[in-house]
Amino acid sequence: MLTLESRKNNDVRTIGGFFYQCCDELQDIKFCEVMNLIIDILKNVLTEKLLLSKDIIHSIIDSFIAALPCYIKEKLVFLSCES
């Protein structure tokens with residue numbers, strides 16, 4: 001126990017509570033923001049790689065959202081986060 005305490009106080013390899021202080025400072029990304037980011041990337045890929053029209057892309061996205069489990073749809077409140 002004394003060796004461990006000595007290492008914590010003297011060893012430069014340990015940074016104590018610095019990690020936790022940094023974590024407290026970082027803002028968590030919200031679930032809705034993540035889903036919005038994923039949907040935007042999916043739209044871009046469908047447009048660029050498959051050359052699909054916006055109407056077809058919206059239809060695919062709507063089908064994707066409809067296929068999600070209810071517990072995810074409830075957390076989305078998707079209409080308010082879609083850009």
Side-chain angles (χ1 to χ4, degrees):
M1 287 176 52
L2 292 175
T3 303
L4 179 62
E5 191 61 34
S6 174
R7 181 174 176 213
K8 284 183 180 180
N9 290 329
N10 299 324
D11 196 345
V12 294
R13 293 177 289 176
T14 61
I15 55 176
F18 182 67
F19 173 77
Y20 295 105
Q21 290 171 356
C22 288
C23 288
D24 291 340
E25 293 294 321
L26 296 175
Q27 181 181 12
D28 290 335
I29 188 167
K30 295 179 182 174
F31 179 75
C32 189
E33 294 170 352
V34 171
M35 286 302 292
N36 193 28
L37 180 63
I38 291 170
I39 298 292
D40 286 343
I41 292 170
L42 178 61
K43 286 179 185 178
N44 291 337
V45 169
L46 291 173
T47 301
E48 293 172 9
K49 301 293 183 187
L50 299 178
L51 305 172
L52 299 174
S53 70
K54 288 186 178 189
D55 292 334
I56 293 173
I57 291 173
H58 287 295
S59 175
I60 292 170
I61 299 299
D62 290 342
S63 297
F64 171 74
I65 293 170
L68 291 173
C70 291
Y71 66 92
I72 293 177
K73 283 191 247 184
E74 290 171 0
K75 291 182 180 180
L76 278 180
V77 189
F78 199 81
L79 295 176
S80 66
C81 9
E82 186 174 16
S83 58

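- For S63 (side chain) and S59 (main-chain N/O), a donor-acceptor pair under 3.5 Å exists by modelled atom type.
- Taken together through direct or relayed side-chain contacts under 4.5 Å among Ile, Leu, Val, Met, Phe, Trp and Tyr, L51 and I41 form parts of separate hydrophobic clusters.
- To the nearest 0.5 Å, atom CD1 of residue I56 and atom OG1 of residue T47 are 10.5 Å apart.
- Minimum interatomic distance between L68 and M35 (heavy atoms only, all atoms of both residues): CD1-CE, 4.3 Å.
- Between I60 atom CD1 and L52 atom CG the span is 5.0 Å, to the nearest 0.5 Å.
- Residues passing the side-chain contact (heavy atoms from CB on, under 4.5 Å) test with L42, sequence neighbours excluded: L46, I61.
- Separating the CG atom in N44 from the CD1 atom in I57 is a distance of 8.5 Å, to the nearest 0.5 Å.
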